[in-house]
There are 4 protein chains.
Amino acid sequence: MSSEFGRNIKLSIFGESHGKAIGCVIDGLPAGIKLDMEKIYADMARRAPGQDKYATPRLEKDIPVILSGVIENETTGAPLAMIIENTNTRSGDYSNIMTVPRPSHSDYPAYIKYGGKNDVRGGGHFSGRLTAPMVFAGAIAKQMLKAKGITVGAHIAKIKDVQDERFDKKNITAELLNKLSARHFSTISAAAQEKMRAAIECARMEQDSVGGVIECAAVGLPVGIGSNMFSTVESHLSSILFGIPAVKGVEFGAGFAFSDMTGSQANDPYCIKDGKVALMSNHNGGVLGGMTSGAPLVLDVVIKPTASISRPQQSVNLQTMTEETLVIKGRHDPCIVPRAVPVVEAAVAFALADMMM
Amino acid sequence: MSSEFGRNIKLSIFGESHGKAIGCVIDGLPAGIKLDMEKIYADMARRAPGQDKYATPRLEKDIPVILSGVIENETTGAPLAMIIENTNTRSGDYSNIMTVPRPSHSDYPAYIKYGGKNDVRGGGHFSGRLTAPMVFAGAIAKQMLKAKGITVGAHIAKIKDVQDERFDKKNITAELLNKLSARHFSTISAAAQEKMRAAIECARMEQDSVGGVIECAAVGLPVGIGSNMFSTVESHLSSILFGIPAVKGVEFGAGFAFSDMTGSQANDPYCIKDGKVALMSNHNGGVLGGMTSGAPLVLDVVIKPTASISRPQQSVNLQTMTEETLVIKGRHDPCIVPRAVPVVEAAVAFALADMMM
Amino acid sequence: MSSEFGRNIKLSIFGESHGKAIGCVIDGLPAGIKLDMEKIYADMARRAPGQDKYATPRLEKDIPVILSGVIENETTGAPLAMIIENTNTRSGDYSNIMTVPRPSHSDYPAYIKYGGKNDVRGGGHFSGRLTAPMVFAGAIAKQMLKAKGITVGAHIAKIKDVQDERFDKKNITAELLNKLSARHFSTISAAAQEKMRAAIECARMEQDSVGGVIECAAVGLPVGIGSNMFSTVESHLSSILFGIPAVKGVEFGAGFAFSDMTGSQANDPYCIKDGKVALMSNHNGGVLGGMTSGAPLVLDVVIKPTASISRPQQSVNLQTMTEETLVIKGRHDPCIVPRAVPVVEAAVAFALADMMM
Amino acid sequence: MSSEFGRNIKLSIFGESHGKAIGCVIDGLPAGIKLDMEKIYADMARRAPGQDKYATPRLEKDIPVILSGVIENETTGAPLAMIIENTNTRSGDYSNIMTVPRPSHSDYPAYIKYGGKNDVRGGGHFSGRLTAPMVFAGAIAKQMLKAKGITVGAHIAKIKDVQDERFDKKNITAELLNKLSARHFSTISAAAQEKMRAAIECARMEQDSVGGVIECAAVGLPVGIGSNMFSTVESHLSSILFGIPAVKGVEFGAGFAFSDMTGSQANDPYCIKDGKVALMSNHNGGVLGGMTSGAPLVLDVVIKPTASISRPQQSVNLQTMTEETLVIKGRHDPCIVPRAVPVVEAAVAFALADMMM
């Protein structure tokens, strides 16, 4: 059981929310990749808390410090280690969760698994903060992919009952993906964004939370990445995506809607376009037989509502083994979906870069 | 890229649909597991084609032959190798797919990836027939799990617009799962089964096909299997499930329906029941923070409609690079969902046994 | 713990000496490798028992049967599975080794580890016969390497006190290696071969056995294969070499003799030769900092004397826990070193091909 | 290609000699291991440069800082990250090695492999300094092993022509190993130590260097650790040992001396001792059929003479492609064998702990 991902490029993530530092080691990067640090900071700022309203994309306190593997912004081929020091830690807020587990959090199984030895302050190693190194690694992967003409981008497809426009699966442009990737609250439709913000604000007012769906795409992929059986593109991507806290479902192309279709509706016929083989539709989301088909890769990820809500909830005291009402203190995000968008992009980019090495 | 799965128990699957034999090597099984061969045959018969109407659970022509790793039906601790000889091969039916790829199949990306060197007869290594060794390995895993009090079972939750009853996620019994696992067309409701059969027959009449959703559960799991980050139960299970041909989505617990819920609806509160910690609901499908929570593991898998349909479809000739109408000959299953049920059970059982080693 | 090797190309070996069949799965071979089956048979014949005096390089009863992954002698990119049926099994000869372990064999630790469940007939999965699939895989690897201009070959450097000539480490030709690889009793010096045969015959007469040292080299390797830390060429090669039964030591270049040298004697200076960088000596055996240096790769492997000797030996009865004199029946090879030469070549070739993918 | 080792506990090492920091991530440690930090510091001090004459076992400037995975000196089950900041960096001394590779160093193949992008200051990621995190990880592994009654220790068996006493392979005590592990210049015989120091001093005077042999043992191991084929104890240990810079050979038990013995001399007979199975000799060094036999594990490792010597050496200028005389400046250790002893112990301890998880 490990906090490590990858076959060719290995990403090992470490740290606890309220420990000295969090970070990662990326082992297996080729030498000579030029890192655009501003772009890395920008992606990390999209994930950082409280960034939506600020103009500056760079949050001083969350600056990643590269310890090894890079000289003059270029990879050396040696393992790249990065740390982010933890500064703003309010451990006191979490004093009672060791014995009274928060519903829908990792607290209870972690307590049993680690015999009470795990760091519970701020979620410890289970904290959403651990997605920051994932975004860092994904930002590097994006730059590797960009050099091969591949672009990854995502948007919020749905929050509660508010839907954004959906990608036209067979016609997605790098321009659109880049535009979406530059936003802190990424939607295709501005109107949908307004309604989503309202839905989130409404949940906050009610001391409640909401989740949603993120739609992610990658364009420019060559045909034939991945393989069948246990090396499908879907296997590799889902494996990393289910490592993002709160992700509870992953589907490719039409996904669960395939169950409402017939084969004649679902199949993607081929045609010749500009002298090349092309797909006339893309219900399969760019993956056939586990391999990329040349059409855009399109997938959905569902994020459950933030588990930490301010309302009193029923739980149990693990030491006295009695039922207890739990009130979670501290400020909590009523919806993490907007901040999860760059994490989903990062996970997809990293897994693709790993498969293409 | 590989046809191998597992961290502690490694399953390596080989073979092509129309080659000499298909089979697998299972490396890392402990010594002393007693194999109930009749149960293994029974699971394999559920997956085998044309079995629905037959009384006998044992299809002579698809008998797995164990070459190593077992003495007197007990594992020795050495790698277990198994082969199934291919006897009924009608290669002629597939003569034109080398140059004219079947829509929604692996043909086109495989042609590009392997430079035309891959075996295309009957789907080659991409054939659904390759799920037979997976069912074999899963049947052994089920017996390992059973010895630990764990039961895995699945049913067809949906075919086209016909829905079966759903599991009551927090109250699933081993008895129900065993009953479902014994059926060749596994549904909870007999009425739903009738309607599903009708929907499939209807698709067959129209030279079309349908897909569906399979709901799978496991009960008896201890708390704390799996870990967070890249070793979540969801990551490991989805990774093997997306290795099953035609699977295009995987969700745990409420899955995509989480996006319609608020945190106060979605969270699973704790209570004390019979002196033990219990969950009052199970929207998380038995997994919290990537670890088993003690509640039943519940997941959905969507199977797309069979790609091989008899209707004429548009495709392209990869050698002449011209558009061409393709008519797929041979008999094809208008719905593979019933036969996919034991495959999903096998995949879940194998991944769980692997995580528990 | 597994019978599997490789990072990019995975070799999974299965079978027991007296079971139905032994074999292997090679997962990750690229499509389009043309297999010269005669060369594969020739290498396997060098390893096969009783082959030294026969003219035919092909032993009918040990023919490998390829089940998958190859069409018309060309790899398809799908896993290659191969089996060799076991025909000549004299299980009776081993009736008492279950309870009385043979000294210097795996019997005792295997009995403890597998709780008496492991197959002990003929050594079971621990038998030297399991090196046959390794030679098969190595023969394919040799053909992959040959296409890149790389040649692997080995000879018997020493048996008891008889020494063969040693490679001139900085000047080894593909011609010499090919010549050595074609021999059933491979030495550089014909005179040494005669003396070695006499030493082996002498051991046979005395119901005893002898071991020896095999020197193996590879030429044509590009500079920079491997890496430092845990991916050194030495790590990868030693890891597979210590998987060959009876191997108890591996050294590269001067190896243990480095401890008698000073730095000024041991260092390999650089010069310019034909406009290229060259090494003036090759004490490091072609590996510097874990990476290939461009000089020939040279390594030694020591094979301990055959553990099965006819003389009475002291052992214990594991059931009665009393001391017992053991007499091992059956015919045993007084020296396996000549037959181990192709196995060492195969292991080195496979590990190099794996590192170069 | 990676700087990562381990199957169950993964050690990922990062850093360059003259970068910001070096360190490691240890992923997969169980929760609840109590760390004796003083013992960790003591092992690290044995490896640190210039420590032989100091009384204090703790070198302030090389203090490892634990970033995650430990609370109050106890592991939490989350990845343990550790860094050591680099303070004493004299980059100027290495200014000309980028173009003129040092003989017997990684410089030349690294230049080719990384296209001149790798960090060359002080050896970069190839520096012997990277063994510090290995010693750190090994010190933790030793504490895990100690809790199971297993002790690892090593001594300098040979430097140039000076030999220490050798272990009596079948009778090694934990007391002896602990005593050896506490020494900064570890030998069994005090007289041998004196002579070794003299030999090293002599090499220093002559601007030369010497290597040697380290003998390492582990006692208290249960029977049956490891497996045959590609999971032998020898494979796993050699794989990590060849990751230590300057190691060029590894042998188990009698090792290369097996080639001088007959089977009747080499075989280790069994007897009953105190009601238990015991080996009457231990030429196999505690490993039979790849598994631990219950006898002490004994292995030798050869360390080549320090490659950096002050004498002028012939090399080439990689940019002008002309021959050039190289004079390496800076202070260099004429013999790294004493400092390599704790590294060998650490590697053996880590690999054993990994195999026993």
Side-chain angles (χ1 to χ4, degrees), chain C residues 1-5 13 103-104 106 109 112-113 126 158 208-213 223-224 227-232 234-235 238-239 242-243 248-249 251-252 255-256 258-259 261-264 266-272 277 288-289 291 293 302 304-307 309 311 313-316 323, chain D residues 1-5 13 103-104 106 109 112-113 126 158 208-213 223-224 227-232 234-235 238-239 242-243 248-249 251-252 255-256 258-259 261-264 266-272 277 288-289 291 293 302 304-307 309 311 313-316 323:
Chain C
M1 298 305 143
S2 98
S3 297
E4 189 184 272
F5 181 85
I13 289 181
S104 281
S106 60
I112 300 295
K113 184 184 184 80
F126 290 85
K158 179 169 183 283
D208 213 331
S209 65
V210 285
V213 174
V223 178
S227 181
N228 69 332
M229 301 293 305
F230 307 125
S231 297
T232 68
E234 292 111 326
S235 290
S238 69
S239 174
F242 276 118
K248 297 298 285 187
E251 61 181 6
F252 292 82
F256 280 89
F258 268 123
S259 69
M261 299 161 86
T262 62
S264 59
N267 285 359
D268 298 316
Y270 293 100
C271 64
I272 301 289
V277 175
L288 288 173
M291 296 168 289
S293 69
V302 64
K304 72 177 182 181
T306 312
I309 54 174
R311 293 190 187 188
Q313 296 182 86
Q314 186 177 328
S315 185
V316 295
E323 300 185 349
Chain D
M1 299 306 144
S2 98
S3 297
E4 188 184 272
F5 182 84
I13 290 181
S104 282
S106 61
I112 300 296
K113 182 183 185 82
F126 290 85
K158 180 169 183 280
D208 213 331
S209 64
V210 285
V213 174
V223 178
S227 181
N228 67 332
M229 300 295 303
F230 307 125
S231 296
T232 70
E234 292 111 326
S235 290
S238 69
S239 173
F242 277 117
K248 296 298 283 188
E251 61 181 4
F252 292 82
F256 280 90
F258 268 122
S259 70
M261 299 163 85
T262 61
S264 59
N267 285 359
D268 297 317
Y270 293 100
C271 63
I272 301 289
V277 175
L288 288 173
M291 297 168 286
S293 69
V302 64
K304 72 177 184 181
T306 313
I309 54 175
R311 294 189 186 189
Q313 297 182 86
Q314 185 177 329
S315 185
V316 294
E323 298 184 352

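Chain letters run A, B, ... following the sequence lines, proteins first, then strands; residues in each count from 1. Source: prediction; values computed, not measured.
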- Query: What residues form a salt bridge (charged side-chain N to carboxylate O under 4.0 Å, His left out) with D:Glu234, not counting sequence neighbours?
  - Reply: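 Per chain and number, D:Glu234 pairs via salt bridge (charged side-chain N to carboxylate O under 4.0 Å, His left out) with C:Lys248.
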- Message: Quick check: do C:Pro103 and D:Asp268 have side-chain heavy atoms less than 4.5 Å from each other?
- Response: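 Of all side-chain heavy-atom pairs linking D:Asp268 with C:Pro103, none is under 4.5 Å.
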- Query: Do the side chains of C:Phe230 and D:Ser239 get nearer than 4.5 Å, heavy atoms only?
  - Reply: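 Result no, sub-4.5 Å side-chain heavy-atom pair not found.
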- Query: Do you know which two heavy atoms are closest between C:Tyr270 and D:Ser315, and how far apart they sit?
  - Reply: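 It is CD1-OG, 3.6 Å.
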Using atom types as modelled and distance alone, determine if a side-chain donor or acceptor of [X] lies under 3.5 Å from a backbone N or O of [Y].
X: C:Asn267; Y: D:Ser104; answer: no
X: D:Thr232; Y: C:Gly243; answer: no
X: C:Ser3; Y: D:Met229; answer: no
X: C:Glu323; Y: D:Ile272; answer: yes

Taking [options] one by one, which has the highest count of heavy-atom pairs under 4.5 Å against chain C?
options: D:Gly289, D:Ser106, D:Gly263, D:Gly224; result: D:Gly263
options: D:Ile309, D:Val210, D:Asp208; result: D:Asp208
options: D:Gly211, D:Ser264, D:Gly255; result: D:Ser264
options: D:Ile13, D:Val277, D:Thr306; result: D:Val277
options: D:Ser235, D:Ala307, D:Gly249; result: D:Ser235

- In Å and rounded to the nearest 0.5 Å, what is the CZ to CZ distance from D:Phe242 to C:Phe252?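 Rounded to the nearest 0.5 Å, the CZ-CZ separation comes to 5.0 Å.
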- Item | Nearest-0.5 Å distance that lies between atom NZ in C:Lys304 and atom CE in D:Met261 |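 Nearest 0.5 Å value for the NZ-CE distance: 10.5 Å.
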